[in-house]
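Worksheet: the structure to be examined is printed underneath.
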Amino acid sequence: KVVRGWWPFTNEKKERDHILTVLVGKVEAELQLFTEEEADKNPVGLGRKEPEPLEKPSRPDMFVSMMCANIRSMVSVFWKNYKKYIIIVLACFFLALFFFLVCYTLPQAISHKIVNG
């Protein structure tokens, strides 16, 4: 017979005049129940292979993660404090770029219209 399930780990915390039980984790386990004859045939721990070691994990260089953390913190500080100014500057930049491109291509379009009718 096989029993499988999740069992809770709890911690008891004393608050004032009563004890509070707090769930701190769960473990999934599978238990196999044998008769005495089956247990004598297959003793515990025998018949299994040794655990196979895992491959070494590929971790990024510490410098890269340190730089990303610094950049993320600077972005969050600047964005939080200067969000409206950044949006205004970007909008003005794209508006100026639009007007520049219009002024750059308008003379050619006008002369092309005049020549080709």
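Just so it is clear, the model here is predicted, and its values are computed rather than measured. Only this structure's heavy atoms are used, side chains among them; waters, hydrogens and symmetry mates stay out.
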Sequence neighbours excluded, which residues qualify as side-chain contact (heavy atoms from CB on, under 4.5 Å) partners of [X]?
X   : value
I71 : V75
T35 : E37, E38
F99 : L95
K83 : W79, I87

### Task
Apply salt bridge (Lys or Arg N to Asp or Glu O under 4.0 Å) to R4 and list each qualifying residue two or more places apart in sequence or on a separate chain.
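For R4, the residues satisfying salt bridge (Lys or Arg N to Asp or Glu O under 4.0 Å) (neighbours in sequence not counted) are E28.
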#### Entry: Ring geometry between Y82 and Y85 (parallel below 30°, tilted from 30 to 60°, perpendicular above 60°)
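The rings of Y85 and Y82 sit tilted, inter-plane angle from 30° to 60°.
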### Query
Taking all atoms of both residues into account, what is the closest heavy-atom pair of S76 and S73, and its distance?
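Minimum heavy-atom contact is OG-O, 2.8 Å.
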### Cluster link W7 to F9, ILVMFWY, side chain under 4.5 Å
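Hydrophobic grouping puts W7 with F9.
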### Query
Just wondering, do V27 and W6 contact through their side chains at under 4.5 Å, heavy atoms?
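A side-chain contact under 4.5 Å is absent here.
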Show me the side-chain donor-acceptor pairs of residues 10-20 shorter than 3.5 Å, one per line, residues at least two apart or across chains.
from	atom 1	to	atom 2	distance (Å)
H18	ND1	E15	O	3.4

### Query
Quick one: CZ on F93 to CZ on F100, what's the gap to the nearest 0.5 Å?
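So the gap between those two atoms works out to 11.0 Å.
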#### Entry: Worked verdict on L31 versus V2 for side chain to side chain contact (heavy atoms under 4.5 Å, CB included)
CA-CA 6 Å; L31 303 174; V2 176; over 6 Å; no
